[in-house]
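The structure under discussion appears below in the form of structure tokens.
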Amino acid sequence: MVYIKQLAEYEGKEVTLKGWVANRRDSKGLVFINLRDGSGLCQCVADESKIIADEFDQAGKLSLESAVEITGNVVKDERQIGGFEIQVTALKTIHIAEEFPIAKKEHGIEFLMDQRHLWLRSQRQWAILRIRNTIIYSIHNFFQKEGFVQMDAPIFTGNACEGTSNLFETDFYGDPAYLSQSGQLYGEAMAMAFGKIYTFGPTFRAEKSKTRRHLSEFWMIEPEMAFYDIHQNMDLIEGFLQFVIKEVLDKCQAELKLIDRDTSVLETSLKKFPRLTYDDAVAIIKGEKDVNGQNSIKSLENELADVEAKIATTIAEIADREVKIAVPGMKKGEINFNQTKIAALKNELKDLEESQRNIPQWIESAKNFRYGNDLGGSDETVITRLFDVPVMVYDWPHEVKAFYLKRNPDNTRFARGVDVLAPEGYGEIVGGGERETDEKKLREKIIEHDLPMADFEWYLDLRKYGSVPHAGFGLGLERLVTWLCKLKHVRESIPFPRMYGRLLP
RNA sequence: UCCUUGAUAGCUCAGCUGGUUAGAGCGAGUGACUGUUAAUCACUAGGUCCCUGGUUCGAGCCCAGGUCAGGGAGCCA
């Protein structure tokens, strides 16, 4: 058995493929089958004069997503997807599919999410999840080559780690247990044993968030390094992200093209990441400091103006096409074309109107930003749109950050946390920092955060036996996939997303 | 939890100021035609207008409450 992606090795030879019918068109004496086998797509042509009559009949009856075994000769044909075509010599039906719910037309997101188990078969989803696979593989490659040890943190936890987000509570032999929202504290323990480690596992947050960047269950990579300070941590983050980006650019050209990803920002992201302090970031958000001659508030205002102009032209184009198709005498094909075009424009219009409602809120929030607060989603968006490369923001007011972060020794009002904000408006993809090493200071912080001290005794032990400077970070896999693929929403970056209101399929 | 937008055929949507029998495209079925790329053309079938209550001579449309979904805020990766 041969896979479609190997066809180049079999030019001129006869092969047998097994797969599913992605599309089928009939002609007199000919049946065209777009075969999908998981590795790629390939057109197979069944010619009535060249195969036995029963098999030709079967070919004509194949419904969308029917399973089939096809034998035929591999012919080079530049016009085809993948560059090859199969001239069928034999065909065996494995299963005739019932009417496939996902048509070749546009669908709404709710319907597609209900059909997620089938939606995965469509080309775009296939490409995105293959890129996800490449990202996962290159994450392991990077850390393994850098001498990190992969270590798993537990998923059931008894304590509330950071005590900030809402946790999923489960029953653990009669006691409450929580699904892990971070493996970080365990990562620190493992780093003290192995030097450099990384965890890679699922993470659960019971936040009732309905936004484009939240999932209830997501995968997080959390490296932790003994003897690293915040600056070495930032060096590592930069090298790591650039390695992954480069791997995706090298290995996923076809997939990136399929999803229509303009890769220019991925390429510019291979240059140095700017490192801003919180103070710098606030000045930029409030419009007090320009970046490359761009002002955050002004650029938002310009964008709003652009959106409004685009709404006007879109409405005009819709009206124009509606007038055109209303004139009698237009061919049906042309009417169809215009109608799909109108539908697409109307969808675009909805998005634009959404922006029109949101941008003024963002402008307000940026103008009124209060020094000392954490950055909100819109603030991140405001900053990252000014850069064509990820930005690192470090040294945050200690009140807004987790209890375990070390203070900047030169100015103790800042905690040595670092967030990486992805460009193109994607916002936070990495959060991390240098950890507090002093037991007494940690105890104070735990009390300040009103956390149960007893649950942290094991963690505090780490500061009793050879406490050393150490640092680490957490990367949200889905947010990285979402950015690299330039998706509108994280829900397409994972095979079966779990989010507020979504547990099936 | 708050703000905001929406729910009409299997799917995507239209339905004007409340007015007789609710429409289109896609998909499905039947047939015609063609090396086709979401093919094309003709015909056929397909509806609890989200739910409950209200206003009205009359409600898909107006009002109230609810359910579900999209987008955003908070929170976060």
Side-chain angles (χ1 to χ4, degrees), chain A residues 22-34 41 43 45 47 63-64 77 79-81 85 87 98-115 162 164-166 181-182 184 203-216 218-222 322 325 331-340 342-344 346-347 350-351 353-362 364-365 373-381 400 402 419-422 426-432 473-483 488-491 500-502:
Chain A
N23 199 5
R24 196 203 77 212
R25 291 168 298 278
D26 294 359
S27 288
K28 190 155 200 151
L30 288 170
V31 176
F32 300 95
I33 296 163
N34 275 6
L41 271 174
Q43 174 163 279
V45 185
D47 187 327
S63 51
L64 221 59
D77 187 342
R79 291 170 304 175
Q80 304 303 335
I81 328 158
E85 180 177 271
Q87 287 175 349
E98 293 176 24
E99 187 189 326
F100 198 64
I102 300 175
K104 286 174 272 182
K105 259 214 148 178
E106 275 185 72
H107 291 288
I109 190 63
E110 192 185 356
F111 176 78
L112 289 171
M113 289 300 293
D114 286 340
Q115 306 293 332
E162 301 179 31
T164 50
S165 334
N166 301 317
Q181 62 170 342
S182 164
Q184 195 217 294
T203 303
F204 307 89
R205 305 261 168 104
E207 290 153 3
K208 291 183 178 173
S209 296
K210 296 184 80 165
T211 78
R212 62 185 60 198
R213 27 174 214 286
H214 287 92
L215 292 169
S216 302
F218 63 96
W219 289 73
M220 190 149 70
I221 296 91
E222 293 180 286
E322 273 172 348
I325 58 175
K331 271 193 193 159
K332 197 161 176 200
E334 206 178 338
I335 290 173
N336 260 338
F337 175 80
N338 276 292
Q339 275 175 342
T340 36
I342 287 169
K346 282 187 178 173
N347 272 330
K350 273 188 190 167
D351 286 352
E353 283 167 348
E354 204 79 68
S355 304
Q356 193 186 23
R357 279 192 293 271
N358 289 333
I359 294 175
Q361 294 175 24
W362 296 354
E364 273 313 289
S365 137
N373 284 1
D374 204 351
L375 303 192
S378 62
D379 305 316
E380 292 175 358
T381 307
V400 303
D419 281 2
V420 178
L421 309 179
Y426 280 87
E428 187 173 357
I429 51 170
V430 168
F473 63 92
L475 167 85
L477 174 66
E478 286 73 20
R479 285 196 180 169
L480 181 62
V481 175
T482 303
W483 169 48
K488 275 191 178 171
H489 198 296
V490 272
R491 66 188 153 216
Y500 184 54
R502 171 66 61 183

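Just so we're on the same page: letters track the sequence lines, and every chain starts at 1. We use all heavy atoms of the structure for the numbers below, so side chains are in, but hydrogens, waters and symmetry mates are not.
Aromatic stacking of A:Phe218 on B:rA77: satisfied, with centres closer than 5.5 Å and planes within an angle under 30 degrees.
Across all their heavy atoms, A:Ile221 and A:Leu477 have their closest contact at CD1-CB, 4.0 Å. Minimum heavy-atom separation, A:Pro101 to A:Gln115: CG-OE1, 3.7 Å.
Proximity of A:Val45 to A:Glu85: side-chain heavy atoms (C-beta onward) are separated by under 4.5 Å at one or more points.
Protein atom CG of A:Leu112 is 14 Å distant from nucleotide atom C1' of B:rG10, rounded to whole Å. B:rC75 atom P lies 10 Å from atom CG of A:Leu375, rounded to whole Å. Distance A:Phe473 CZ to B:rC76 C1': 17 Å, rounded to the nearest Å. The nearest whole Å value for the distance from the CZ atom in A:Arg205 to the P atom in B:rC75 is 14 Å. Summarising the geometry, the separation between CG on A:Asp419 and C1' on B:rA77 is reported as 9 Å, rounded to the nearest angstrom. Between A:Glu207 atom CD and B:rA77 atom P there is a gap of 8 Å when expressed in whole angstrom units. Between the CD1 atom of A:Ile102 and the P atom of B:rU12 there is a distance of 11 Å, given to the nearest Å. The separation between A:His107 atom NE2 and B:rA9 atom C1' is 15 Å, rounded to whole Å.
Spacing between B:rC11 and B:rC57 at atom P, rounded to whole Å, works out to 37 Å. Taking atom P in both B:rG58 and B:rU21, one finds a spacing of 15 Å when rounded to whole Å. Remark: the separation of the P atoms in B:rA45 and B:rG23 is 13 Å, to the nearest Å. Spacing of P atoms, B:rA24 relative to B:rU17, comes out at 22 Å, to the nearest Å. Here the separation of B:rU56 from B:rC3, taken at their C1' atoms, is 33 Å to the nearest Å. B:rC49 and B:rC13: their C1' atoms are spaced 13 Å apart (whole Å). Comparing the same atom, C1', in B:rG18 and in B:rC61 gives a spacing of 6 Å after rounding to whole Å. Comparing the same atom, C1', in B:rG71 and in B:rU55 gives a spacing of 33 Å after rounding to whole Å.
Counting only Watson-Crick and G-U wobble pairs whose two distances sit under 3.5 Å, RNA chain B takes part in these stems of three or more pairs: B:1-7 with B:67-73, B:10-13 with B:23-26, B:28-32 with B:40-44, B:50-54 with B:62-66.
For A:His214 against B:rC76, a side-chain-to-base donor-acceptor contact under 3.5 Å is present.
Put simply, A:Asn34 has no side-chain N or O that comes within less than 4.0 Å of OP1 or OP2 on B:rA38.
A distance of 11.0 Å separates OG of A:Ser216 from CZ of A:Arg205, quoted to the nearest 0.5 Å. Taking OG1 of A:Thr381 as the start and CZ of A:Arg213 as the end, the distance is 5.5 Å to the nearest 0.5 Å. One distance of note links CG of A:Asn34 with CZ of A:Arg24; it measures 11.5 Å at 0.5 Å rounding. Here the CD-CG distance, from A:Glu478 to A:Leu215, works out to 5.5 Å after rounding to the nearest 0.5 Å. To the nearest 0.5 Å, atom CD1 of residue A:Ile429 and atom CZ of residue A:Arg479 are 9.5 Å apart.
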Could you list all N or O pairs between the protein and nucleotides 66-73 of chain B that sit under 3.5 Å apart?
residue : atom : partner  : partner atom : Å
B:rA69  : OP1  : A:Gly501 : O            : 3.1
B:rG70  : OP2  : A:Lys210 : NZ           : 3.3
B:rG70  : N2   : A:Glu354 : OE2          : 3.4
B:rG71  : OP1  : A:Arg491 : NH1          : 3.4
B:rG71  : OP1  : A:Arg491 : NH2          : 2.9
B:rG71  : O3'  : A:Arg212 : NH2          : 3.2
B:rG71  : O2'  : A:Glu354 : OE2          : 3.1
B:rG71  : O2'  : A:Asn358 : ND2          : 3.3
B:rG72  : OP1  : A:Arg212 : NE           : 2.1
B:rG72  : OP1  : A:Arg212 : NH2          : 2.9
B:rG72  : OP2  : A:Arg212 : N            : 3.0
B:rG72  : O2'  : A:Gln361 : OE1          : 3.4
B:rG72  : N7   : A:Lys210 : O            : 3.3
B:rA73  : OP1  : A:Ser378 : N            : 3.4

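Side chain of A:Asp379 to backbone of A:Gly376: a donor-acceptor contact under 3.5 angstrom is found. A donor-acceptor pair under 3.5 Å is absent between the side-chain atoms of A:Glu428 and the main chain of A:Leu421, judged by distance alone.
When each of B:rA77, B:rC11, B:rG35 is scored by its nearest atom to the side-chain atoms of A:Phe32, the top-ranked nucleotide is B:rG35.
Note on A:Leu30: a base of the nucleic acid sits closer than 4.0 angstrom, heavy atoms only. Among the heavy atoms of the strands, none lies under 4.0 Å from A:Leu480. Across all strands shown, A:Val430 has heavy atoms under 4.0 Å from sugar-phosphate atoms exclusively, and none from any base.
When each of A:Val420 and A:Gln87 is assigned the nucleotide of RNA chain B bearing its nearest heavy atom, the one mapping closer to the 5' terminus is A:Gln87. When each of A:Gly108 and A:Glu428 is assigned the nucleotide of RNA chain B with its nearest heavy atom, A:Gly108 is the one assigned upstream, toward the 5' end.
Partners of A:Tyr500 according to the ring-ring contact (aromatic ring centres under 6.0 Å, His included) rule, which considers only residues two or more places apart in sequence or in another chain, do not exist here.
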